[in-house]
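Working notes, beginning with the structure itself.
The structure presented is a predicted model; accordingly, all values stated were derived computationally and were not measured. Order of the sequence lines fixes the chain letters, A, B, ..., with proteins taken first and strands second; residue numbering starts at 1 for each chain.
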Amino acid sequence: MPELPEVEVVRRGVGAHVLGRPVSRVEVLHPRAVRRHVLGGDDLSARLTGRTFTAACRRGKYLWIEVDGDEALLTHLGMSGQLLVQPPDAPDEKHLRVRFRFADSGTELRFVDQRTFGGLSLDDLVPVGAVHLPKPVAHIAPDPLEPVFEPDRVVERMRSRRTGVKRALLDQSLVSGIGNIYADEALWRAKLHFARPTATLTRPAVRRLFDAVGEVLDEALQQGGTSFDALYVNVNGESGYFDRSLAVYGQADRPCPRCGAPVRRDAFMNRSSYTCPVCQPRPRNGHW
DNA sequence: CCGCTGCCCTGCAGGC
DNA sequence: TGCCTGCAGGGCAGCG
């Protein structure tokens, strides 16, 4: 469940259900789910057994659970990953990849992932600036909901790029947590076309864009994230409701909520971009 | 260093 | 009915 609001919903669920509970058994049911754990599934399992989850943390779309304070079980949900808290007698999900049992014999933590783009690993925590991050997350920029996010600095970095504004929004080393849905929604709110060159944007325009990013992420989080189908759920298997508030994402041919013009879909980066052709005119000659 | 393409997977919808 | 293509919310290696 991919973008920041959905991952944050899962982080809160994990934090509420598995902290302080010693792990009694880890079953790795699909090797691809632990491919980023270099020493393999048996090692992951052995090193977690008997230890206790102490905190649930997140940066951008990465989620990790600190283990006794010095290591972290790092998770990326990829396109279709889920972390579910389930009673031990609940039937195995079709795409169950990793199961964590606890010494109290209560609920299990399950990693379920249809497309196996996501995965788990156990990593050392390293200091990065004012925070500690799992090593593979060290190069990921702060997300807009973190206290260490510095808007002015990110505005300048974005303006110094030589690329289109949507490509920059999706670059997790510039600002993290934004994926295809919230990029399109924020660009619509800021009335910017996805191909607008970052270098042609004024400082106030980029600031307005990041204001829009912050608003759309906050609103989505308040509604439990965006769920188009059963693949995107919280730890209890429940869907979010922000799909009802989407202005343009997935809304091809439906009216723009602001001006009524039909929303258009364009191919972009092997994916799709949705825009209002009136509110977000395509830039011409590298300008607008 | 930076920007960009291709690829890793499974499942579903729609066209033929 | 079944086969094929295109598409899906992500990230990374490797290229120029």
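Every residue meeting the salt bridge (Lys or Arg N to Asp or Glu O under 4.0 Å) condition with A/Asp266, not counting sequence neighbours, appears here in chain and number order: A/Arg264. Every residue was checked against the ring-ring contact (aromatic ring centres under 6.0 Å, His included) condition with A/Phe149, not counting sequence neighbours, and none meets it. Listed by chain and number, the residues in a ring-ring contact (aromatic ring centres under 6.0 Å, His included) with A/Tyr274 are A/Tyr249 (sequence neighbours excluded). Scanning for ring-ring contact (aromatic ring centres under 6.0 Å, His included) contacts around A/Phe111 gives an empty result, with sequence neighbours left out. Among residues two or more places apart in sequence or in another chain, the salt bridge (Lys or Arg N to Asp or Glu O under 4.0 Å) test is passed with A/Arg157 by none.
In this structure, A/Phe117 atom CZ and B/dC7 atom P are separated by 13 Å, rounded to whole Å. For the pair A/Lys61 NZ and C/dG9 P, the interatomic distance rounds to 10 Å; values are reported in whole Å. What separates CD of A/Glu6 from P of C/dA8 is a distance of 16 Å, to the nearest Å.
At a threshold of 4.0 Å, the pair A/Glu8-A/Arg12 counts as salt-bridged, since one of the basic side-chain nitrogens sits closer than that to a carboxylate oxygen. Using a 4.0 Å cut-off between a side-chain N of Lys or Arg and a carboxylate O of Asp or Glu, A/Arg51 and A/Asp70 qualify as a salt bridge.
Taking only side-chain atoms of A/Arg32, from C-beta outward, the nucleotide of C/dG11, C/dG9, B/dC8 with the closest atom is B/dC8.
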Show me the protein contacts with nucleotides 14-16 of chain C, counting only N or O atoms at under 3.5 Å.
none

Could you go through nucleotides 5-7 of chain C and list every protein N or O atom that sits under 3.5 Å from one of its N or O atoms, giving the distance for each pair?
none

Check the interface with nucleotides 1-5 of chain B: list each N/O to N/O pair with the protein under 3.5 Å, or write none.
{"residue": "B/dG3", "atom": "OP1", "partner": "A/Arg162", "partner atom": "N", "Å": "3.2"}
{"residue": "B/dC4", "atom": "OP2", "partner": "A/Thr163", "partner atom": "OG1", "Å": "2.5"}
{"residue": "B/dC4", "atom": "OP2", "partner": "A/Arg167", "partner atom": "NE", "Å": "3.2"}
{"residue": "B/dT5", "atom": "OP2", "partner": "A/Arg167", "partner atom": "NH2", "Å": "3.4"}

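In this structure, a donor-acceptor pair under 3.5 Å is absent between the side chains of A/Lys61 and A/Ser176. Residues A/Glu93 and A/Gln82 bring no donor and acceptor atom of their side chains to less than 3.5 Å of each other. Side-chain contact annotation: A/Ser80 with A/Asp113, donor-acceptor N/O pair under 3.5 Å present. Residues A/Gln222 and A/Tyr241 have side chains that never bring a donor and an acceptor to within less than 3.5 angstrom of each other.
The environment of A/Arg153 atom CZ is sparse: at most 12 non-hydrogen atoms of other residues, nucleotides or ligands sit within 6.0 angstrom.
Evaluation of the side chain to side chain donor-acceptor pair (under 3.5 Å) test over residues 130-144 of chain A, restricted to residues two or more places apart or in two chains, returns A/Arg58-A/Asp143.
When the nearest nucleotides of DNA chain C are assigned to A/His139 and A/Arg115 by heavy-atom distance, the more 5′-ward of the two goes with A/Arg115.
At least one donor-acceptor pair under 3.5 Å links the side chain of A/Tyr232 to the backbone N or O of A/Met79.
For DNA chain C, the residues of residues 175-185 of chain A within the heavy-atom distance limit of 4.0 Å (strictly under) are A/Gly179, A/Asn180, A/Ile181, sorted by number.
For the strand DNA chain C, secondary-structure stems (runs of at least three Watson-Crick or G-U pairs, all distances below 3.5 Å) span B:2-8 with C:10-16, B:10-16 with C:2-8.
Using a 4.0 Å heavy-atom distance criterion, A/Phe242 is classed as making no nucleic acid contact.
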**Message:** salt bridge (charged side-chain N to carboxylate O under 4.0 Å, His left out) for A/Asp92 and A/Arg99? Distances and angles first, verdict last.
**Reply:** CA-CA 10 Å; A/Asp92 287 3; A/Arg99 182 204 321 270; 3.2 Å; yes
Please output the side-chain donor-acceptor pairs of residues 28-45 of chain A that fall under 3.5 Å, not counting sequence neighbours, one pair per line with the distance.
{"residue": "A/His30", "atom": "ND1", "partner": "A/Arg32", "partner atom": "N", "Å": "3.1"}
{"residue": "A/Arg32", "atom": "NE", "partner": "A/Thr116", "partner atom": "O", "Å": "3.1"}
{"residue": "A/Arg32", "atom": "NE", "partner": "A/Thr116", "partner atom": "OG1", "Å": "2.9"}
{"residue": "A/Arg32", "atom": "NH2", "partner": "A/Thr116", "partner atom": "O", "Å": "3.0"}
{"residue": "A/Arg35", "atom": "NH1", "partner": "A/Arg32", "partner atom": "O", "Å": "2.7"}
{"residue": "A/Arg35", "atom": "NH1", "partner": "A/Gly118", "partner atom": "O", "Å": "3.1"}
{"residue": "A/Arg35", "atom": "NH2", "partner": "A/Phe117", "partner atom": "O", "Å": "3.0"}
{"residue": "A/His37", "atom": "ND1", "partner": "A/Leu122", "partner atom": "N", "Å": "3.0"}
{"residue": "A/His37", "atom": "NE2", "partner": "A/Asp43", "partner atom": "OD2", "Å": "2.7"}
{"residue": "A/Asp43", "atom": "OD2", "partner": "A/Arg47", "partner atom": "NH1", "Å": "2.9"}
{"residue": "A/Ser45", "atom": "OG", "partner": "A/Val26", "partner atom": "O", "Å": "2.9"}

